[in-house]
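Here is the structure we will look at, set down as structure tokens.
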Amino acid sequence: MALRDKVAIVTGGAQGIGREYCLRFAREGAAVVVADLRVDQAKAVASEIAAAGGQALAVTADVTDEASAEAMASRTVERFGRIDVLVNNAAIYYDLDLGNNTVDYLRQVLDVNLIGVLICSRAVFPHMKRQGGGSIINIASTAAYPNLQVSFRQQENFPNYAYGISKSAVVFLTKSMARTAGFDKVRVNAIAPGATMTEATKRVLPARAEERLRRTKAMGVSLEPEDLTGTAVFLASDDSAMMTGQTLVVDAGGVFNG
Ligand SMILES: NC(=O)c1ccc[n+]([C@@H]2O[C@H](COP(=O)([O-])OP(=O)(O)OC[C@H]3O[C@@H](n4cnc5c(N)ncnc54)[C@H](O)[C@@H]3O)[C@@H](O)[C@H]2O)c1
């Protein structure tokens, strides 16, 4: 078990890919804190882990609120004694309103998808520093790379590009945080998943666009949520001890970085 004795917080762990990270981390031996606004679903994930013999705690958390993020970190330490891993997975994705082109909405999406990453990282950092290290994993997206965004005819004016901007900035933030936290042995890496068949994707992405995206992939497939968990385990574990500031694209061969 790659994560034996580690304590991991997964924000947005109540559903979709976040839920899959929680279940896999628990199977790898970690105690898992399922942090989300959707508290009933978070509790269900924690119960599922406990029923399988693992350790889990559901916490109501709003990643945009500093007090809430600090409470999430302190409750984790109270219950499990430490924080080894933070997965900044929470985002406005299922709830994305693609038709909303207002600047107010752009600010709302950036607040959760970008600033939420910084807020939660700041909340766990003092604990990781005190312990002598930790691993922060930011969830970006291949939407950060415009060559993979779906093209469409412009209706009126430039849209607000909220989701792509937020995920592109997460890639940048990952590098900046890695530089700052390295001396304290806190590693910061990111995963950029390609289109993954969660309820959110089925809701947000038109079926035709999904088919077009799939055809751009070297492997010709879309991903299922569990396809992403191995990379998260690797970045959470000591196997990646000398990696920081990196974004790993997991998308069946659509974006070729490097
Ligand atoms: N599904 C995909 O195709 C795909 C592809 C690339 C990247 N991603 C990213 O992976 C992550 C998970 O994707 P998903 O498909 O499971 O999305 P999802 O929308 O189903 O899950 C996001 C979770 O974040 C929670 N959340 C939203 N705002 C929050 C807040 N302010 N505080 C706390 N929790 C909050 C939601 O309640 C939800 O449980 C997201 O960061 C998403 O952007 C998804």
Side-chain angles (χ1 to χ4, degrees), residues 9-24 33-46 58-73 86-98 107-120 123 137-145 148-150 162-171 173-174 190-207 209-210 213-214 217 221-229 231-232 247-252 254-255:
I9 300 174
V10 180
T11 69
Q15 66 181 30
I17 305 172
R19 172 177 174 276
E20 250 6 272
Y21 292 140
C22 291
L23 299 177
R24 175 75 190 270
V33 174
V34 188
D36 208 297
L37 281 175
R38 291 179 156 91
V39 68
D40 289 342
Q41 287 175 239
K43 283 181 182 163
V45 175
V59 167
T60 313
D62 179 352
V63 299
T64 66
D65 182 288
E66 288 171 282
S68 177
E70 277 159 22
M72 168 185 83
L86 167 68
V87 185
N88 280 310
N89 167 80
I92 296 188
Y93 182 52
Y94 182 89
D95 302 304
L96 203 58
D97 179 359
L98 285 175
R107 292 195 175 106
Q108 213 178 308
V109 174
L110 292 178
D111 203 23
V112 178
N113 296 15
L114 173 63
I115 300 172
V117 170
L118 187 59
I119 287 176
C120 292
I137 303 167
N138 298 330
I139 304 305
S141 165
T142 50
Y145 307 100
L148 215 75
Q149 284 179 0
V150 180
Y163 187 75
I165 294 174
S166 72
K167 294 301 185 178
S168 184
V170 165
V171 173
L173 183 61
T174 301
I191 301 174
T196 305
M197 292 302 104
T198 58
E199 287 309 312
T201 295
K202 289 173 196 161
R203 188 169 177 274
V204 170
L205 208 63
E210 199 258 313
L213 270 178
R214 198 184 301 138
K217 304 295 180 69
V221 295
S222 353
L223 291 90
E224 295 298 325
E226 53 275 19
D227 294 329
L228 295 160
T229 62
T231 311
T247 296
L248 300 183
V249 174
V250 183
D251 74 339
V255 172

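Every heavy atom of this structure was used, including side-chain atoms; hydrogens, water molecules and symmetry mates were not. Atoms within a ligand are numbered from 1 in the order they appear, just like the ligands themselves.
Among residues two or more places apart in sequence or in another chain, the salt bridge (charged side-chain N to carboxylate O under 4.0 Å, His left out) test is passed with Arg107 by Asp104. Residues satisfying the salt bridge (charged side-chain N to carboxylate O under 4.0 Å, His left out) criterion with Asp111, sequence neighbours excluded, are absent altogether. When the salt bridge (charged side-chain N to carboxylate O under 4.0 Å, His left out) test is applied to Glu224, no partner is found at least two apart in sequence or on another chain.
Counted by atom type alone, Asp251 and Thr142 present zero donor-acceptor pairs between their side chains at under 3.5 Å.
Residues of the protein with a heavy atom under 4.0 Å from ligand 1 are Gly12, Gln15, Gly16, Ile17, Asp36, Leu37, Arg38, Ala61, Asp62, Val63, Asn89, Ala90, Ala91, Tyr93, Tyr94, Val112, Ile139, Ala140, Ser141, Tyr163, Lys167, Pro193, Gly194, Ala195, Thr196, Thr198, Ala200, Thr201, listed by chain and number.
More than 12 heavy atoms of other residues, nucleotides or ligands lie within 6.0 Å of CD in Gln41, so this atom counts as buried by the packing criterion.
Thr174 places a side-chain N or O within donor-acceptor distance of the main-chain N or O of Val170, the cut-off being under 3.5 Å.
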